[in-house]
Amino acid sequence: MADVVREGAAVRGTRRERAEVALETVMADPRAPDRLHRVIEQALVLAGAAFAGVYLPGDDGAVLCLAESAGLPRTLYGLRDGYPVAGRSPLAEAHRARRPVWLDPEGPAAAPEAGTPVRHFQLAALPVCPDSGGGCLLAVSENPDGFDAEDRRCLALIANAVALPVPSRAATGELPPDAFSLVMETGRVEVGDAVLELFGIGRDEFDGRVETLLGMTVPEDLPALMSVVEADHMSIGDRMSVGDRELEFRVVQPSGPPKWLRLSGRMVPGGEGRSALLVGTVADASTLRSDVTDVARVQRLAAALATAGTVKDVGQAVVTALRKPLQADRIALAELENDRLVVTVLDPPEPEVWPELWRSEWRSEWPDAPVRAMPTLASALREGRAQIWPAGTPLEPALADVGPGGLAVLPLPAGGRMAGACLIGWDSPHEFGADERALLTASAGLAGQALMRAHAFDAEHELVGMLQRALLPRRLPKLPGAVAVARYLPTTAGLELGGDWYDVIPLPENRVALVIGDVQGHSAAAATLMGQMRTALRAYAAEGHTPDVVVSHANRLLMDMESDLFATCCYVDVDMEEGTAWCVRAGHLPPILRHTDGSTTVVEAEGGPPLGVVTQADFPMTQLRLQPGTLLALTTDGLVESAEADIDEGMDRLAHGLAQSDPAHLGLVADALLGNAHRSDDVALLLMRYDGMESRPLRESWTVWRVPEAVRHARRFTRRTLRAWEVAPDEMDAVLLVVSELVTNALVHTDGQVRMDLTLVNHRFRVAVTDASPRSPVKPTSIGWEATGGRGILLVEAMSTAWGTLPVSGGKQVWADLALAE
């Protein structure tokens, strides 16, 4: 019997020892915001209590108010939020006498002010923190025998371990930097300086309203936060303590992603003439150590994956959510395509930290690893469930070297199939707990769905980009006396095609047309119309029309198409020989000039309405002067307009960027200007640096009158011009023969005015004859010996290095080039 007694005493001693260890562990972190709740929870675990609560004196010291509770609702036992200190309740007696009060099951029913009991129970009231001057621990047991001796000893330990909550600023006149105190009825809140810093608000800017802080919360996180700060959801006595859970939420930052914060607190009940308070702390969640069981990590991963637009974004979100909290040494995310893993993220990215198989498959950026080379991985993908192998498990080298201290393979399910796999490896031996496995499984499901969405997004975005590139120039032409570069960035707000376009059109006589435009909207219709307008402007420019006529023709074409869309356009015709340009605007932004001294000018070019709005519209021309070294910039509104700034501010910012740039490196200038693009709209940018022509052509023109000796007069004018240009006499015969044939064909086969233009540049002579007929000359396939005509074009082809025809404003121009000796 003595042995049995000793064994029982050992058991009871063991329970008390467990209580001491548990309380020591809870009290280890004196700043833990939920420490009080965790302490009184031990009454439920170690003393078998059904309810436990701590009552503290109010501000006036006349009432003991419920500050924290755990277990079943207090209303089941008729307990109140507060009891007068001068009353006859067990709490008041224990508080005044500073000694425990133990009542049997009939006690609460007979005790005044105890309330009406709903069920039989035993009640214990113990003073807390004897040296602190107030407060009681109230515990309720539904055990028929009540609290035994060991239970009472455990409750005494718990009462002595209770740490009083941090008093409010009203009581001490001082609020810790990371603390807050919210008056529930009025919404007025006092916050420490560290909390204001986390929200990004200065002390002078804060108005003391909780709505100001809530307005900075990410909308998706606002409902959970509102459930805490709204007082009308439930009575204070029934409300669970905020310390029962760690509430994480996000606040919007001026730049960059939202910041994660963690709120912890407790409810301080009100009394007569006093409002209830919510007091606690707010901390930066990224600086706090969080266990892998934290549900907030899954919440954070889901939020990140919801905004991940590409496959690479998904991979980075998974790495951020898993590698650091799991303390993993490497993590890989790969898509499954047929029998290959197309790896999209390796972290760390250095190839030397990965197995030889991965290094041998290393290509331009990421490797493609064949699944058949890793049978264990293939088996895990077939089974479709997470597989975990601890340290020392025999695996093929391609997997064993990924995690010699432990390896987790997470198949990523999506839509009834495997979208890919996630590999997580440790170098040191790693223990896998049940909570960690749950986190991995939940993360795998989220990542699989996000990977499928991102893959579809990438594929569709690539299709959109391919169509967009097909509608824009594949490359810009080489210009005489100038250098041009262009950039196009599609919007990142969606997958629809944009309507921005640009073009560089070489024209005769060393002229070039720079075009930039924007079709209303983002859709396939806008992109189609963009391609049509670009083609139409190029065709009208090639016909030799002046800039205002080119734009007018495009406007009438768009009106005739009866489209619901309109387009804006800026057209600049630059004469490379003279350094002059004519600008026409159709509802578009004006050009910006960067001069040789670094100053910039936004051209005040008079403009007309957008294309497709008014049939009979005027498009006035504005002349520009270009000195060698001048930079001409054309852009669409996507670069200069945003929700934060209007177009004028954006144009000034673009002009400032041009002024700070080095025009010697035009590509770098374009990239720098696009570096700050908001990407909420398409962006097109066209830059041209005018350098001037090293060798200016020599030009002369002659109007050919329809007289019997017109050809002879044309030959005489040509000979006189060649002599003035110091062309050798032996070079003239071939030139005069070509002139004779071209002028004769124009006079014989056409009506109206005929003009001859002569050009000499770099020992290359060109004769061009323009007439009013659109019909081009046809080279005969064969000529009989008896034929009297048809040999003119054959002679021109034989004597010249090249010849051809161009449409010119209702007529044509036939030209021929001849190489002269140097």
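With hydrogens and angles ignored, the 3.5 Å screen pairs a side-chain donor or acceptor of Arg74 with a backbone N or O of Leu79.
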In sequence, state the C-alpha distance, the side-chain angles, and the governing distance for Glu142 and Leu72, and then conclude on side chain to side chain contact (heavy atoms under 4.5 Å, CB included). CA-CA 11 Å; Glu142 294 187 356; Leu72 296 175; 4.0 Å; yes
Quick one, Val251 with Leu198, criterion side chain to side chain contact (heavy atoms under 4.5 Å, CB included). Give me CA distance, side-chain angles, the key distance, then yes/no. CA-CA 9 Å; Val251 293; Leu198 290 174; over 6 Å; no
Can you list the steps and then say if Arg330 with Asp427 is a side chain to side chain contact (heavy atoms under 4.5 Å, CB included)? CA-CA 9 Å; Arg330 58 186 61 84; Asp427 289 337; 2.8 Å; yes
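With sequence neighbours excluded, the residues that form a side-chain hydrogen bond (donor to acceptor under 3.5 Å, both in side chains) with Asp193 are Arg203. By the side-chain contact (heavy atoms from CB on, under 4.5 Å) test, Asp207 is found to be paired with Arg209, Thr212, residues two or more places apart in sequence or in another chain being considered.
Considering every non-hydrogen atom in both Gly48 and Ser141, the closest pair reads O-OG, 4.2 Å. Between Ala139 and Ala49, the shortest heavy-atom distance links the atoms CB-CB, 4.4 Å. Across Ala50 and Tyr77, no two heavy atoms sit closer than the pair CB-OH, 3.4 Å. Closest non-hydrogen pair, Pro258 versus Arg250, comes out as CB-CB, 3.9 Å. The two residues Val189 and Phe206 come nearest to each other via the heavy atoms CG1-CZ, 3.7 Å. Contact record, Leu213 with Ile201: CD2-CD1, 3.9 Å, taken as the closest heavy-atom pair.
Annotation: the span from Trp426 atom CH2 to Leu407 atom CG amounts to 8.0 Å, rounded to 0.5 Å. With rounding to the nearest 0.5 angstrom, the CG atom of Leu137 is 11.0 Å from the OH atom of Tyr55. Taking CG of Leu64 as the start and CZ of Arg80 as the end, the distance is 12.5 Å to the nearest 0.5 Å. Taking CD1 of Ile331 as the reference point, atom SG of Cys422 lies at 4.0 Å (rounded to 0.5 Å). If you take CG on Asn160 and CG on Leu155, they are separated by 11.0 Å, rounding to the nearest 0.5 Å. Atom CG of Leu91 sits about 5.0 Å away from atom CG of Leu138, to the nearest 0.5 Å.
A 4.5 Å side-chain heavy-atom check between Phe180 and Leu278 finds at least one atom pair inside the cut-off. Side-chain contact check for Ile424 versus Leu410: some heavy-atom pair is nearer than 4.5 Å. Looking only at side-chain heavy atoms (C-beta outward), Glu197 and Pro177 stay at 4.5 Å or farther from each other.
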